[in-house]
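Inspection log for the structure reproduced underneath, given as structure tokens.
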Amino acid sequence: MDNLLLILFLTAAASFFSTLILYLRSSSPSSSRSRRRSFTSQSHSHGHGQLPLGTLGWPIVGESLEFISCALTDRPESFMDKRRCMYGKVFKSHIFGTPTIVSTDAEVSKFVLQSDAKAFVPFYPKSLTELMGKSSILLINGGLQRRIHGLIGSFFKSADLKAQITRDMEKYIHKSMENWMQDQPIYIQDESKNIAFQVLVKALINLDPGEQMEILKKQFQEFISGLMSLPVNIPGSQLYRSLQAKKKMARLIQEIIQSKRDGGMSNINVPKDVIDVLMMNNASDQPLTDDLIADNMIDMMIPGEDSVPVLMTLAVKYLSDYPAALQQLTDENIKLKELKAQLGEPLAWSDYLSLPFTQNVITETLRMGNIIIGVMRKAMRDIEIKGYLIPKGWCFFAYFRSVHLDESNYDWPYQFNPWRWQDNKDISNSSFTPFGGGQRLCPGLDLARLEASIFLHHLVTQFR
């Protein structure tokens, strides 16, 4: 989810910063050089910590233009790698419209991600925070954030939900693959996006495909279009239209909440969706409002549009490029399918997750694909980590992609090699953070693996 927000912001920022170039070019060369020198010569020293080396770039735009131009290439980490060679794994810059400490150091990033709200809070550009809302799980802190995150995380790990996800994935995959015709191009990301979105919505609000689902999809597309808009909320603007779409989705979800309440929550023993979980655990001393529940259900639909479909698509891409990996994965899945057929048993969620090489392929896809390239935080006070000073009010950008593609962490990092994980290499270490970390670790990481496993199984056992 962080990744989608970051990519969409980069797209919008490219448009915004292009207008600032006119201002910079209209100034005389001498005055521009003097301003740039004064902007980069500032230094900070608080206590024993030292502000990391680096440059803040040009006034106002900082280094955002170069950062954006690199981010839109096939080597987005080149911006970070260049500065890491010059200044070290932790350096200062000026991106996202604010002075920023960038970390490509796994230990430093881990420390920040595990810190509480007294030290660091989430940071997002203004247009995104306005669209997400103050009650979004992405923005709230403290006990309320831990409570909601814990409830959702426990539900996503439950065997009942995994069984439901498996049934839904199989149903939607079969329906989708029935329409795949010979000699007709199939766009994997579009197909996987349609499947993953329906599965996630069912898990969140128990909504099945139909008229309401189509209305929700339409409004959701309008909503996410605002993530790449300028922060101008006036009638006719994209942000305004996106906020109106979110209100319509919220009303639909609130109707579902009220329907559940009228039906009697006391009769529900096992929650069917996230709304059930939050309503069944709605303590009177800190109640969760219908608005808060509805807003967070909408925000949590974003991974169905971004993270999971991209994971599936990249796995297919890498397997297509590496025939040996594809053959081993296919053999493993066909063997499982034949075994279950002999036993006369359907495949359970645990069967899909039991295939070691398939899981290695997914792990390697997460490392190379970097579905979440990094996360941003804001320092609430001066923080010192490993001798580096992170000043109060500065943005901290933990850039996972450079860590995952660092040859000091992985041999031949740009080579797709699922076998590197076959010796039970620890995937919980600080050098592997595909789903973030700390108190805001993505609660749906197990479901993402499960959905990708099911998709790959049916793809390779039914198609070449």
Side-chain angles (χ1 to χ4, degrees), residues 1 151-152 155-180 188-224 245-265 267-280 290 293-309 311-312 346-349 352 443-444 446-448 450-455 457-459:
M1 191 166 180
L151 289 171
I152 295 173
F155 178 59
F156 280 176
K157 289 182 175 68
S158 68
D160 289 330
L161 180 64
K162 289 177 180 177
Q164 175 189 310
I165 292 287
T166 300
R167 292 191 298 270
D168 291 339
M169 279 291 295
E170 291 175 339
K171 179 172 65 177
Y172 297 141
I173 286 174
H174 289 152
K175 184 178 179 180
S176 180
M177 289 183 174
E178 284 176 356
N179 298 322
W180 295 10
I188 295 295
Q189 186 166 349
D190 292 343
E191 297 290 331
S192 60
K193 184 180 296 186
N194 183 55
I195 294 169
F197 185 79
Q198 293 183 102
V199 170
L200 182 58
V201 169
K202 179 72 178 292
L204 293 175
I205 63 176
N206 199 29
L207 186 65
D208 289 310
E211 183 179 354
Q212 282 189 315
M213 176 70 82
E214 293 306 312
I215 294 173
L216 184 67
K217 280 184 182 180
K218 181 179 178 181
Q219 297 301 330
F220 183 76
Q221 291 300 322
E222 186 70 68
F223 164 68
I224 62 171
K246 185 174 185 179
K247 289 180 181 178
K248 293 177 182 178
M249 288 190 292
R251 282 197 294 268
L252 172 60
I253 296 173
Q254 287 169 358
E255 290 174 1
I256 294 175
I257 295 173
Q258 189 59 48
S259 176
K260 289 176 177 290
R261 189 176 286 123
D262 295 340
M265 291 299 298
N267 299 325
I268 299 178
N269 295 320
V270 179
K272 294 182 178 179
D273 55 31
V274 174
I275 290 181
D276 285 350
V277 172
L278 297 181
M279 293 181 70
M280 291 170 64
D290 290 357
I293 294 175
D295 284 350
N296 278 284
M297 294 307 97
I298 295 169
D299 294 346
M300 292 182 65
M301 292 177 189
I302 294 179
E305 176 74 14
D306 174 57
S307 307
V308 176
L311 171 58
M312 296 177 184
L347 273 76
W349 64 266
Y352 289 110
D446 290 336
L447 296 186
L450 176 59
E451 291 182 46
S453 300
I454 297 172
F455 183 81
H457 173 83
H458 290 279
L459 180 65

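Note: hydrogens, waters and symmetry copies are ignored here, and every other heavy atom, side chains too, is used. If you read the sequence from its start, that first residue is 1, and numbering goes on from there.
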* Nearest-0.5 Å distance, CD1 of residue I454 to CD1 of residue I165 -> 8.0 Å
* Let me see the working for V308 and L200 under side-chain contact (heavy atoms from CB on, under 4.5 Å), right down to the final yes or no. => CA-CA 10 Å; V308 176; L200 182 58; over 6 Å; no
* To do: Identify the two heavy atoms, one from A250 and one from I298, that lie closest to each other, and give their separation to 0.1 Å.
  => N-CD1, 3.7 Å
* To do: Evaluate the side-chain contact (heavy atoms from CB on, under 4.5 Å) criterion for residues K162 and L447: first the C-alpha distance (whole Å), next the side-chain angles of each, then the deciding distance (0.1 Å), finally the verdict.
  => CA-CA 7 Å; K162 289 177 180 177; L447 296 186; 4.1 Å; yes
* Asked: Should we count NZ of K217 as having more than 12 external heavy atoms under 6.0 Å?
  -> yes
* To do: Could you tell me how the ring of Y352 sits relative to the ring of H458: parallel (under 30°), tilted (30 to 60°) or perpendicular (over 60°)?
  => tilted
* Of the non-hydrogen atoms in V277 and P271, which two are nearest, and what is the gap between them? -> CG2-CB, 3.7 Å
* Check whether any side-chain heavy atom of M249 sits under 4.5 Å from a side-chain heavy atom of L216, and report yes or no. => yes
* Asked: Would M297 and I256 count as a side-chain contact (heavy atoms from CB on, under 4.5 Å) if you check the C-alpha gap in whole Å, the side-chain angles of each, and the deciding distance to 0.1 Å?
  -> CA-CA 12 Å; M297 294 307 97; I256 294 175; over 6 Å; no
* Structure fact -> When rounded to the nearest 0.5 Å, the distance separating CD1 of I275 from CD1 of I293 is 7.0 Å
* Structure fact -> Separation between CG (D306) and CG (L311), nearest 0.5 Å, reads 10.5 Å
* Say you draw a straight line from CZ of F220 to NZ of K246; how long is it, rounded to the nearest 0.5 Å? -> 10.5 Å
* State, with a plain yes or no, whether a side-chain heavy atom of Q219 is found less than 4.5 Å away from one of L252. => no
* Asked: NZ/K260 to CG/D276 distance, rounded to the nearest 0.5 angstrom?
  -> 3.5 Å
* Polar side-chain atom of S259 near backbone of E255 as donor-acceptor pair, under 3.5 Å -> no
* Asked: Nearest heavy-atom pair of I195 and S176: which atoms, and what distance?
  -> CD1-CB, 4.0 Å
* D446 vs F156, side-chain contact (heavy atoms from CB on, under 4.5 Å): CA-CA, chis, key distance, verdict -> CA-CA 8 Å; D446 290 336; F156 280 176; over 6 Å; no
* Asked: In terms of side-chain heavy atoms, does D160 have a donor or acceptor partner in Q164 at a distance below 3.5 Å?
  -> no
* To do: Would you indicate whether the side-chain heavy atoms of F155 and P443 approach each other to under 4.5 Å?
  => no
* Measure from the side-chain N and O atoms of Q198 to the backbone N and O of N194, and report whether any donor-acceptor pair falls under 3.5 Å. => yes
* **CZ-CE distance between F223 and M301, expressed to the nearest 0.5 angstrom** => 9.5 Å
* Asked: Under the 3.5 angstrom rule, does the side chain of H457 hit a backbone N or O of S453 as a donor-acceptor pair?
  -> no
* So which heavy atom on E451 is nearest to which on M169, and how close? -> O-CE, 3.3 Å
* May I have the step-by-step check of salt bridge (charged side-chain N to carboxylate O under 4.0 Å, His left out) for K202 and D273, ending in yes or no? => CA-CA 7 Å; K202 179 72 178 292; D273 55 31; over 6 Å; no
* **Minimum heavy-atom distance N206-K272, with the two atoms named** => ND2-CD, 4.1 Å
* Between R261 and Q258: side-chain donor-acceptor atoms closer than 3.5 Å -> yes
